[in-house]
2 protein chains.
Amino acid sequence: MVARYELIADELRGEILSGVHPVGSQLPSESELAARHGAARGTVRQAVAVLAAEGLVGSRQGARRIVLGTARSQSFAELHSFAEWARANGYRYGGQVIAQRRRPPTPAEAARLGSGEVLDVLRLRTLEDEPVLLERTAYAEWIAGAVEKLPPGCGSVTEALYESAGLVFAYGEHLIDAVPASTRDARLLGVRRGSPLLRQRRVTTTHEGRAVECSDDRYRAGSVAFSIRNSIGANPLVRHAGDLRFGA
Amino acid sequence: MVARYELIADELRGEILSGVHPVGSQLPSESELAARHGAARGTVRQAVAVLAAEGLVGSRQGARRIVLGTARSQSFAELHSFAEWARANGYRYGGQVIAQRRRPPTPAEAARLGSGEVLDVLRLRTLEDEPVLLERTAYAEWIAGAVEKLPPGCGSVTEALYESAGLVFAYGEHLIDAVPASTRDARLLGVRRGSPLLRQRRVTTTHEGRAVECSDDRYRAGSVAFSIRNSIGANPLVRHAGDLRFGA
DNA sequence: TAGGGGAACTTGTACAAACAAGCGAGCACC
DNA sequence: GGTGCTCGCTTGTTTGTACAAGTTCCCCTA
């Protein structure tokens with residue numbers, strides 16, 4: 001069952017992408033959209049709230065909504081999973097486990113994953129046959145077994161864990177900064193030591209709020225960038241000073 | 001006039017921050033909250049939607065909402081303005097104009113700011129008396145005059161432009177990646193050439209959707225990081241491959 | 001012609017009601 | 001003892017109504 005407001009949002013999004021409502025133009029008023037779709041105004045408001053959350057339209061009281069852009073936010077899965085993102089964008093991709101072992105958690109990991117041993121996995125991911133991402137992931141003990149059963153060349157870990165263990169990643173927290181490549185980073189990614197890497201540290205949890213993994217992902221400079229839209233009303237991205245979080 | 005749902009959201013947020021509802025615990029049901037505040041269920045839903053957008057709570061149909069974390073997103077102003085962010089977090093900060101001149105726009109700038117000349121400003125910002133950020137901003141012609149009137153040591157450009165020209169930044173698009181420091185970057189920021197910098201390119205627009213500035217901000221590695229919370233339902237951050245946007 | 005006033009329009013907030021859909025616990029049955 | 005099912009609770013979706021608050025544009029006036 002797809003919600004009605006989702007259908008209306010999809011139609012509006014399509015009209016924006018296809019140029020019916022160009023960037024900078026005004027959207028039809030809520031009453032007009034409601035009449036056109038035979039829906040209540042509240043339903044239409046939910047639909048445009050979706051578009052506002054995606055950063056496609058902006059609004060202020062009293063004035064018609066305006067179109068801000070056409071780039072669409074991908075789904076959570078596409079941000080979370082390298083494979084799903086690459087596939088959705090039509091890139092050729094791959095992955096290979098470089099090292100894998102159980103070890104005691106660092107204090108920072110223990111605070112999030114619990115005090116049991118973690119499964120530490122180092123993966124190298126490729127995009128268009130070029131190595132672009134080095135993934136250091138610590139999995140919580142309760143999921144470690146399922147991760148160990150995955151084949152070393154597994155393309156999509158997220159997908160494989162869903163199929164084998166029914167695991168669904170639902171919430172994520174991400175911390176983005178820049179770091180120099182270590183000797184090992186440099187060798188695996190094919191760059192010079194000390195050259196810039198874009199680092200994304202993340203903690204992922206299930207629906208129930210149970211932490212699944214802590215990860216330290218390092219992208220080769222120039223290979224990927226993160227983008228975000230915000231507005232004076234909605235602002236999900238936060239700036240932090242230094243290494244205040246995720247421990248040292 | 002503060003909206004009722006904002007008050008309820010503030011109270012709930014306070015209860016989460018103060019530990020009344022610890023991380024991982026369940027929030028009271030909507031009906032209970034509605035009864036407690038003497039409000040309709042829809043109003044309570046708006047309140048918890050605010051917290052969900054901030055990444056503090058998660059929800060799924062049928063089960064009670066759970067608390068995901070306690071870190072709160074700052075306001076749009078704090079993401080947009082280095083000064084407001086630094087002040088809100090109690091840091092000592094400063095800024096100095098290094099160079100300023102009018103020039104024709106690059107093609108990428110012209111597409112966003114219009115074809116008129118842009119005002120190119122290079123600013124060095126300090127945090128705790130350390131240089132941490134190099135800001136290269138191209139202002140649109142219509143606002144260039146007001147920017148030129150600002151003192152070179154102006155701490156908060158955003159604030160100054162609001163007071164002098166009534167300008168309000170309302171929407172922003174940000175693209176985050178890592179780049180090596182150029183010779184000039186390195187000298188001004190006090191790092192070695194080629195060392196990692198965290199780059200944030202952004203385009204900012206007013207309420208009406210009129211573009212104000214394009215900026216290329218480079219942070220010294222280790223000085224700041226960006227963080228974001230997302231969920232399977234709401235996902236504002238997007239990953240891009242290579243330099244697909246903002247021109248070359 | 002420039003400015004003020006106001007009317008019409010549009011979005012924001014709030015309430016009430018109803019049904020759908022999913023979750024979890026407890027109960028009955030095998 | 002374990003399995004499956006049902007029932008109550010909770011969140012999700014939708015409609016309808018009313019008023020508040022801000023914007024836009026026209027018209028009238030000085």
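We use all heavy atoms of the structure for the numbers below, so side chains are in, but hydrogens, waters and symmetry mates are not. Letters A, B, ... are given to chains in the order of the sequence lines, protein chains preceding strands, and every chain is numbered from 1.
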Which atom of A:Val23 lies closest to which atom of A:Leu68, heavy atoms considered: CG1-O, 3.6 Å

Salt-bridge test for [X] and [Y]: reply yes if a basic N is under 4.0 Å from a carboxylate O, no otherwise.
| X | Y | value |
| --- | --- | --- |
| B:Arg125 | B:Glu135 | yes |
| A:Asp217 | A:Arg199 | no |
| A:Glu30 | A:Arg45 | yes |

Do A:Val50 and A:Arg13 have side chains that approach each other closer than 4.5 Å (heavy atoms only, starting at C-beta)? yes

Do B:Ser81 and B:Val157 have side chains that get closer than 4.5 Å, going by heavy atoms? no

Quick check for you: among D:dT15, D:dT13, C:dT13, whose closest atom lies nearest to any side-chain atom of A:Arg4? D:dT15

No-hydrogen, no-angle side-chain donor-acceptor test under 3.5 Å, B:Thr137 and B:Glu213: no

5'-most contact on DNA chain D: A:Gly38 or B:Arg60, nearest heavy atom basis? B:Arg60

Students often mix this up, so state it plainly: with edges at 30° and 60°, are the rings of A:Trp85 and A:Tyr91 parallel, tilted or perpendicular? tilted

Rounded to whole angstroms, how far apart are [atom1] on [X] and [atom2] on [N]?
| X | N | atom1 | atom2 | result |
| --- | --- | --- | --- | --- |
| A:Ile66 | D:dT23 | CD1 | C1' | 13 Å |
| A:Gln26 | C:dT10 | CD | P | 9 Å |
| B:His37 | C:dA14 | NE2 | C1' | 15 Å |

Below 4.0 Å: OP1/OP2 of C:dA14 and any side-chain N or O of B:Tyr5: no

What residues 40-48 of chain A contributes to the DNA chain C interface at heavy-atom separation below 4.0 Å is A:Arg41, A:Arg45

Taking N or O atoms only and anything under 3.5 Å, show me the protein contacts with nucleotides 4-10 of chain D, one pair per line.
residue	atom	partner	partner atom	Å
D:dT10	OP1	B:Arg64	NH1	2.8

